[in-house]
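Structure record follows, encoded as C-alpha cells.
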Amino acid sequence: MLWSSTLYETARVDEVERSIYQMERNGFMLDVAYCDDKRRLAEADEAECMGRLEAWRHSFQHTVADFNWASSQQVIGLLHDHLDLPPSPVWKKGRVDIRAGERKLDETALDWLIHRVPPTVAPGLKELITLRRIRGSIKYLGKLPGFVAPDGYVHPVSGPASDSDDRAGTITWRLACKNPEVMQIPTDPRKDPYRVRRAFIAPPGHTLLVADEKALEVVVLAHLLVCLFDDHQLAGAVAPGAPDIHSVNARRVFGEFLDWTRHGRPVKGFPLEAFQSDDFPQLKQLRQDIKAVWYGLMYGKSAYGFATSLRDENDNPVGEEVAGRIVEALLAAIPGVARYQNYVAEYVVRHHGIPGLGGAWCDLSYLTKTGNEWAVKRAIRIGQNYPCQEGGARIIGAALADITADRVLWDAGLRVERQVHDELDCRVPTASDLSMVKDRVEAHMTRFPLKAPLQVSLGYGANWDEA
DNA sequence: CGATCACGG
DNA sequence: ACGCCGTGATCG
C-alpha cells in the first residue's frame, strides 16, 4: 500500500553498510596546526571574556568564591536570586513553567532577558553568551587532534540503526556518527567565530567536493503527496527553475493572507528576490520564520509551539492567536500538507504504525495502544515525520552505495569521507577530471525513483568551510 | 546517572 | 506531555 511498493523493492541495507565501512576506512584529514593555533587564540579570548564577566559580577557585590559560569544552578542563583532578574517565559524548546519554579538560562532565555534588563546588567548577559560560544569552539579545537590515527587520518565510527550498541544509528535509518561527532560541527559563523570546519581539509593533491541534496525531506513529502493524492503542487514548487519555495510562502502568507507591512510597505508588493536580499533584513526574517514554520509543521509542531518560537518586530513572542493564523495561512497555501497530516493521523491510529519508503515498519503501538491522548498525539507526530526522515535516509544511503560502488569514480581517486544526512563529502585528486566526477556524483544522488524532482548543489574547496 | 545546554540535519 | 532524529561536555 501507500508509497513503499512504488520504490526500490529492497532497502539495499548490506550495500549501504559496506559503504559505511568503506567511508570509515577512508577517513578524513585534519589540519592539526590550525586546531592548535585557533585553540590557543580561543583560550586567550576565553580568559579575557571571563575577566570581564568576573568584573561585571563583582560590580553587583556578588562575591561568591569559585563561582562556576558553566553551572546552571549557580548562574540561576546569580541572576534570579542575587540580581532578582525576572525569569524568562521562553527557552529554545518552548515555554518555561515559571509558576512551578522552573528557570531556564539557555541562549533563547538570555536573549529574552537582554532586551528587558537595565543597561548595566545586559552586557554581562551578552558576555555569558560569548563565553559559551568560545567554549563551544574550544570543545572541538581541543579534542579533534586527538582523533588523528597513526595513518594521519581521522576515522569516525558511523552506522545505521539496529546495529550493535557500540555503533551509532537511528530508528529512521539515518546514519549517526561519533568519535568524533562530525555531524555536530558548527556551520553558523556566529556560533563559531574560530571556524572549526576549516580544519577539515583535503589531503595534499586533493580537493573537497561537497554534494548536498536540496530540501531533501521536502522533496520526499512532495513525492508522498503525488503517490497518495496525485497532488503535484509541491512537486512543482521544488522543480528546477521554480522560485524559492520559502520566499513564495513568506510573501503568500505574510503578504497576501495576513496583509502585513515591512520596511514601510505592504509585504505582498515586494519582488520575491527581496526575501533573500541583505537590503531587506525584515523580509529575510519573514522568510526564515516561514521556513521554521514549514519544517516545524512537517515534524508535528502546532500553533501552541509557534506561539513562543516566533517573534514579532520587537522580539516578543507572537502568541497563539497570531501563530494560529500563520499556520492556517500556510496550510491553505499548500493544502496537500494538511491532507497528508490527516491521512497519517488516521493511518497511525488504525494500524498502530507507519511504513517508510524502504519498506521498514515503524511500530507505534507502544504509544497508540495506551489509549492515552498525549501518547496518541506523540505517535501521530512521529508517524508524520517518519516517512520523510526515513525516506531521506534511504535516498542518501542509496546514493552513498552507488558512489562507493562506482569503479570509474574509485579509479579517479574519489573517496567518500562523510555523510551528513543530506550531504556527501568526498575528496578528489585535483588532477582528476572534475567535471566528469561532478556529473557522475550528481547522477548517483538523483537516481532514486521519486515522483518529485530532486536537485543537488555541488561545491569545491580546500576545506569543509570553503566547499 | 538524570538534567541542562549546545551543535547538526 | 503541545517539534522529529541524533552526540557529547558538564554539573550535582
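FYI, side chains are in, hydrogens and waters are out, and symmetry mates aren't considered; it's all heavy atoms of this structure. Note that the structure is predicted; figures quoted are calculated from it, not measured.
C:dC2 sits 15 Å from B:dA3 when the P atoms are compared, rounded to a whole Å. On the P atoms, B:dT4 is 12 Å away from C:dA1, given to the nearest whole Å.
The CD-P distance, from A:E423 to C:dG6, rounds to 20 Å in whole Å. Atom-to-atom, CH2 of A:W464 to C1' of B:dC7 comes out at 11 Å; the value is rounded to the nearest Å. Taking atom CZ on A:R133 and atom C1' on B:dC5, their separation rounds to 13 Å, with Å as the unit. In this entry the distance linking CD1 of A:I134 with C1' of C:dA9 reads 17 Å, nearest Å. Across the protein-nucleic acid pair, A:W173 atom CH2 and C:dG6 atom P stand 13 Å apart, rounded to whole Å. Note: CZ (A:R135) to P (B:dA6) measures 12 Å, nearest angstrom. A:K191 places its NZ atom 15 Å from the P atom of B:dC5, with the value rounded to the nearest Å. Between A:L175 atom CG and B:dG8 atom P there is a gap of 19 Å when expressed in whole angstrom units.
The side chain of A:K139 lies closest to C:dG8, out of C:dG8, B:dG8, B:dC5. Proximity note for A:K301 (side chain, C-beta onward) versus C:dG3, B:dC5, B:dG9: the nearest is C:dG3. When distances run from any side-chain atom of A:E107 to the nucleotides C:dT7, C:dA1, B:dA6, the shortest one goes to B:dA6. Here C:dG3 is the nucleotide among C:dG8, C:dG3, C:dG12 with the atom lying nearest to any side-chain atom of A:Y299. Taking only side-chain atoms of A:D106, from C-beta outward, the nucleotide of C:dG3, B:dA6, B:dC7 with the closest atom is B:dA6. Here the nucleotide nearest the side chain of A:Q74, chosen from C:dG6, B:dA6, C:dG12, is C:dG12. You'll find that the side chain of A:R381 is closest to C:dG3, out of C:dG3, B:dC5, C:dT7. When the nucleotides B:dT4, C:dC5, B:dC7 are ranked by their closest atom to the side chain of A:R174, C:dC5 comes out on top. Listed candidates were B:dG9, C:dG8, C:dG3. Nearest to the side chain of A:E181 is C:dG8.
For A:Q389 against C:dC4, a side-chain N or O and a base N or O form a donor-acceptor pair under 3.5 Å.
For C:dA9, one of the phosphate oxygens OP1 or OP2 lies less than 4.0 angstrom from a side-chain nitrogen or oxygen of A:K143. At least one side-chain nitrogen or oxygen of A:S302 sits closer than 4.0 Å to the OP1 or OP2 atom of C:dG3. For the OP1/OP2 pair of C:dG12 and a distance below 4.0 Å, the side-chain nitrogens and oxygens of A:S71 include at least one atom meeting the criterion. A close approach under 4.0 Å does not occur between any side-chain nitrogen or oxygen of A:N68 and OP1 or OP2 of C:dT10.
Using a 4.5 Å cut-off on side-chain heavy atoms (C-beta onward), A:L175 and A:M183 make contact. Counting only heavy atoms from C-beta outward, the side chains of A:V96 and A:R103 never approach each other to under 4.5 Å. For the pair A:L310/A:V322, no side-chain contact is recorded, criterion being any heavy-atom separation below 4.5 Å from C-beta on. Residues A:P156 and A:F28 meet the side-chain proximity criterion, which asks for heavy atoms closer than 4.5 Å. Side-chain contact between A:I395 and A:L450 is present, with heavy atoms from C-beta onward closer than 4.5 Å.
With no hydrogens or angles considered, a side-chain donor-acceptor pair links A:H62 and A:R57 at under 3.5 Å. When only modelled atom types and interatomic distance are considered, A:Q285 and A:D289 share a side-chain donor-acceptor pair under 3.5 Å.
Nucleic acid contact for A:R378: sugar-phosphate only, since backbone atoms but no base atoms lie under 4.0 Å from a heavy atom of the residue. Among the atoms of the strands shown, none is found under 4.0 Å from any heavy atom of A:L216. Counting any heavy atom pair closer than 4.0 Å across all strands shown, A:E373 reaches no nucleic acid atom. Residue A:D192 is classed as having no contact, given no heavy-atom separation below 4.0 Å to the nucleic acid. A:L297 comes within contact range of no nucleotide atom at all, as no heavy-atom separation falls under 4.0 Å. At a threshold of 4.0 angstrom between heavy atoms, the contacts of A:K93 with the nucleic acid are absent. Residue A:G136 is classed as having no contact, given no heavy-atom separation below 4.0 Å to the nucleic acid.
Both A:M183 and A:K92 lie close to DNA chain C; mapped to their nearest nucleotides by heavy-atom distance, the more 5′-ward contact belongs to A:K92. Where A:S72 and A:Y295 each meet DNA chain C at their nearest nucleotide, the meeting point lying more 5' is that of A:Y295.
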